[in-house]
Visitor: 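Starting off with a structure, shown below.
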Protein chains: 2
Amino acid sequence: MNAKQERQQKILELISDQSIARQEELSAALKDVGISTTQSTLSKDIKELGVVKVPDGDGGFRYRAPGAFVGADQRPLQGENLLQRELQDFVVSVEAVAQTLVLKTITGHAQGVCEAIDRAEWEEVAGTLAGENTIFILCRSPEACQNLEKRVWIQKTSSTN
Amino acid sequence: MNAKQERQQKILELISDQSIARQEELSAALKDVGISTTQSTLSKDIKELGVVKVPDGDGGFRYRAPGAFVGADQRPLQGENLLQRELQDFVVSVEAVAQTLVLKTITGHAQGVCEAIDRAEWEEVAGTLAGENTIFILCRSPEACQNLEKRVWIQKTSSTN
DNA sequence: CATGTGTATGAATAAAAATTCAATTTTATG
DNA sequence: CATAAAATTGAATTTTTATTCATACACATG
């Protein structure tokens with residue numbers, strides 16, 4: 001009788017693959033995979049798994065698995081995920097000074113993080129410059145800079161997997 | 001108008017001091033400190049701050065500040081873990097050619113990965129050199145090189161956590 | 001094979017959180 | 001200052017989530 005285990009396993013998979021914001025959505029996604037259950041049960045599963053609903057830093061929400069999750073992809077990261085990983089793992093501090101955002105990274109990674117940031121093409125950003133462990137991000141306005149500081153911080157601190 | 005900032009600051013303080021499970025509770029706690037506001041506003045603050053409601057593992061819930069998750073380390077990685085993460089996330093290919101091991105990384109990360117490798121102080125290694133997306137690792141012998149290739153590959157493909 | 005105990009489930013409901021909307025306050029700008 | 005534009009706020013409401021409770025199911029034990 002491991003219908004429950006299977007379902008919970010699948011829940012973890014689904015929320016890491018897709019951006020799922022509501023339990024009803026999750027229920028639908030599960031149904032697509034042949035598992036049919038109710039919101040009630042999902043609420044219990046979610047609590048049991050320790051899954052949390054986090055602001056995605058862009059106006060919405062998303063469920064995320066906080067803890068370990070084996071079996072995910074070992075391939076190099078790309079796009080959005082890469083950026084988040086970069087911020088989480090390598091960025092040491094974030095500070096807005098006037099209209100430039102200063103990020104410090106662990107040594108050797110400023111270039112890489114900066115590249116990921118460039119690729120994100122944030123509209124607030126006029127230009128970037130990276131040394132060995134410091135990145136300057138020149139923003140179009142002090143407000144944009146404050147905004148960005150928050151956004152970066154949220155992305156950095158919102159859990160992945 | 002920094003009523004908002006003050007409030008948000010206080011929210012972060014309160015939820016790290018006390019175990020607060022509901023927004024109404026938070027509202028009450030804030031009132032005790034002289035800040036009176038509504039659930040509506042708190043919902044917005046919480047989203048903006050990236051604060052999340054996590055199962056406390058004991059049947060209840062608790063709001064937590066971003067970066068205070070249980071199973072998710074938000075701090076920059078170090079040592080062994082860092083190396084593994086570097087290999088997993090950034091290394092695209094591994095190939096032993098005679099006695100030098102050639103790693104390709106996604107662009108901008110060769111320096112960072114290489115630094116982590118240097119720090120590991122593998123005895124097979126005579127020296128390393130990194131460009132933008134390529135690392136040369138000169139080994140002391142072809143056999144050492146083969147060995148290392150395996151080791152790196154295993155580290156790269158073994159899951160963390 | 002009854003009977004008891006514990007777990008799992010969903011329908012209904014209660015509780016909590018997010019959003020809408022209108023009012024108000026702040027900030028920018030002539 | 002005056003006034004337009006933007007941001008902040010709370011009351012009401014909608015949406016989403018947690019819990020309750022009754023039922024079903026698995027498994028053990030006499």
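Order of the sequence lines fixes the chain letters, A, B, ..., with proteins taken first and strands second; residue numbering starts at 1 for each chain. Predicted model only: the values in this text are computed from it and were never measured.
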Visitor: My understanding is that only residues two or more places apart in sequence, or in another chain, count here; which of them pass salt bridge (Lys or Arg N to Asp or Glu O under 4.0 Å) with A:Lys53?
Guide: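 Testing A:Lys53 for salt bridge (Lys or Arg N to Asp or Glu O under 4.0 Å), a comparison that skips the adjacent residues, returns none.
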Visitor: To the nearest angstrom, how far is A:Glu48 atom CD from C:dT7 atom P?
Guide: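 A:Glu48 atom CD is separated from C:dT7 atom P by 11 Å.
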Visitor: Could you give the CZ-to-C1' distance, from B:Arg7 to C:dT26, as a whole number of Å?
Guide: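 Answer to the nearest Å: 14 Å.
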Visitor: Rounded to the nearest angstrom, tell me the gap between atom CZ in B:Arg22 and atom P in C:dA16.
Guide: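 Those two atoms, CZ and P, are 4 Å apart.
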Visitor: Check the distance between D:dT17's C1' and B:Tyr63's OH and give it to me in whole angstrom.
Guide: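 Answer to the nearest Å: 11 Å.
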Visitor: For A:Ser43 and D:dA18, is the shortest distance between a side-chain N/O and OP1 or OP2 below 4.0 Å?
Guide: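 So the side-chain polar atoms of A:Ser43 do come within 4.0 Å of the phosphate oxygens OP1 or OP2 of D:dA18, strictly under.
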Visitor: Output all residues satisfying side-chain contact (heavy atoms from CB on, under 4.5 Å) with A:Ser19, sequence neighbours left out; order by chain, then residue number.
Guide: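 Checked A:Ser19 against side-chain contact (heavy atoms from CB on, under 4.5 Å); matches are A:Arg62.
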Visitor: Please, which pairs that meet salt bridge (charged side-chain N to carboxylate O under 4.0 Å, His left out) have at least one residue in residues 24-38 of chain A, sequence neighbours excluded?
Guide: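 The answer is A:Arg22-A:Glu25.
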Visitor: Within this structure, what is the CD1-to-P distance between B:Ile11 and C:dA17, rounded to whole angstrom?
Guide: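 From B:Ile11 CD1 to C:dA17 P: 13 Å.
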Visitor: With a 4.0 Å cut-off on heavy atoms, is B:Lys53 in touch with a base, just the backbone sugar-phosphate, or nothing at all?
Guide: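 Touches sugar-phosphate only.
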Visitor: What pairs with A:Lys44 under side-chain contact (heavy atoms from CB on, under 4.5 Å), at least two apart in sequence or on another chain?
Guide: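 Expected list: A:Ser40.
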Visitor: Using a 4.0 Å cut-off on heavy atoms, which residues in residues 23-42 of chain B reach DNA chain C? List them by number, or say none.
Guide: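 Nucleic-acid contacts, sorted: B:Gln23, B:Gln39, B:Ser40.
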Visitor: Sequence neighbours left out, what passes side-chain hydrogen bond (donor to acceptor under 3.5 Å, both in side chains) with A:Glu6? Give chain and number order.
Guide: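 A:Glu6 satisfies side-chain hydrogen bond (donor to acceptor under 3.5 Å, both in side chains) with no other residue.
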Visitor: Between B:Leu49 (CG) and C:dA17 (C1'), how many Å, whole number?
Guide: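 Taking atom C1' of C:dA17 as the reference, CG of B:Leu49 is at 16 Å.
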Visitor: Tell me whether B:Phe136 at atom CZ has more than 12 heavy atoms from other residues, nucleotides or ligands lying less than 6.0 Å away.
Guide: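 No.
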Visitor: With 3.5 Å as the limit, what N/O pairs link the protein to nucleotides 22-24 of chain C?
Guide:
none

Visitor: What is the distance, rounded to the nearest whole Å, between atom CG of A:Asp45 and atom C1' of C:dT7?
Guide: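 The answer, rounded to whole Å, is 13 Å.
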Visitor: Just grab all the side chain to side chain donor-acceptor pair (under 3.5 Å) pairs involving residues 129-138 of chain A, residues at least two apart or on different chains.
Guide: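 Matches after skipping sequence neighbours: none remain.
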Visitor: Using the test side-chain hydrogen bond (donor to acceptor under 3.5 Å, both in side chains), find all partners of A:Thr37 that sit at least two apart in sequence or belong to another chain.
Guide: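 Not a single residue meets the side-chain hydrogen bond (donor to acceptor under 3.5 Å, both in side chains) criterion with A:Thr37.
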Visitor: Pick base, sugar-phosphate or nothing for B:Lys44, based on heavy-atom distances below 4.0 Å to the nucleic acid.
Guide: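 Result for B:Lys44 = base.
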Visitor: In whole angstrom, what separates B:Lys4's NZ from C:dT26's P?
Guide: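 One finds 14 Å between P of C:dT26 and NZ of B:Lys4, rounded.
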Visitor: Quick check on the helix from C:dC1-D:dG30 to C:dG30-D:dC1: what's the angle between its two end axes, five base pairs per end, to the nearest 10°?
Guide: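 Computed angle between terminal axes is 30°.
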Visitor: Using the rule that Ile, Leu, Val, Met, Phe, Trp and Tyr join whenever any side-chain heavy atoms are under 4.5 Å apart, tell me whether B:Ile11 and B:Ile35 fall into a single cluster.
Guide: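 B:Ile11 and B:Ile35: one cluster.
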Visitor: I need the full list of ring pair (Phe, Tyr, Trp, His ring centres under 6.0 Å) pairs touching residues 96-118 of chain A, with sequence neighbours left out, sorted by first then second residue.
Guide: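 Every pair satisfying ring pair (Phe, Tyr, Trp, His ring centres under 6.0 Å) with a residue in residues 96-118 of chain A: A:Phe90-A:His109, A:His109-B:His109.
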Visitor: The criterion is side-chain contact (heavy atoms from CB on, under 4.5 Å); which residues satisfy it with A:Glu115, sequence neighbours excluded?
Guide: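 For A:Glu115 the side-chain contact (heavy atoms from CB on, under 4.5 Å) partners, ignoring immediate neighbours, are A:Arg119, B:Thr107.
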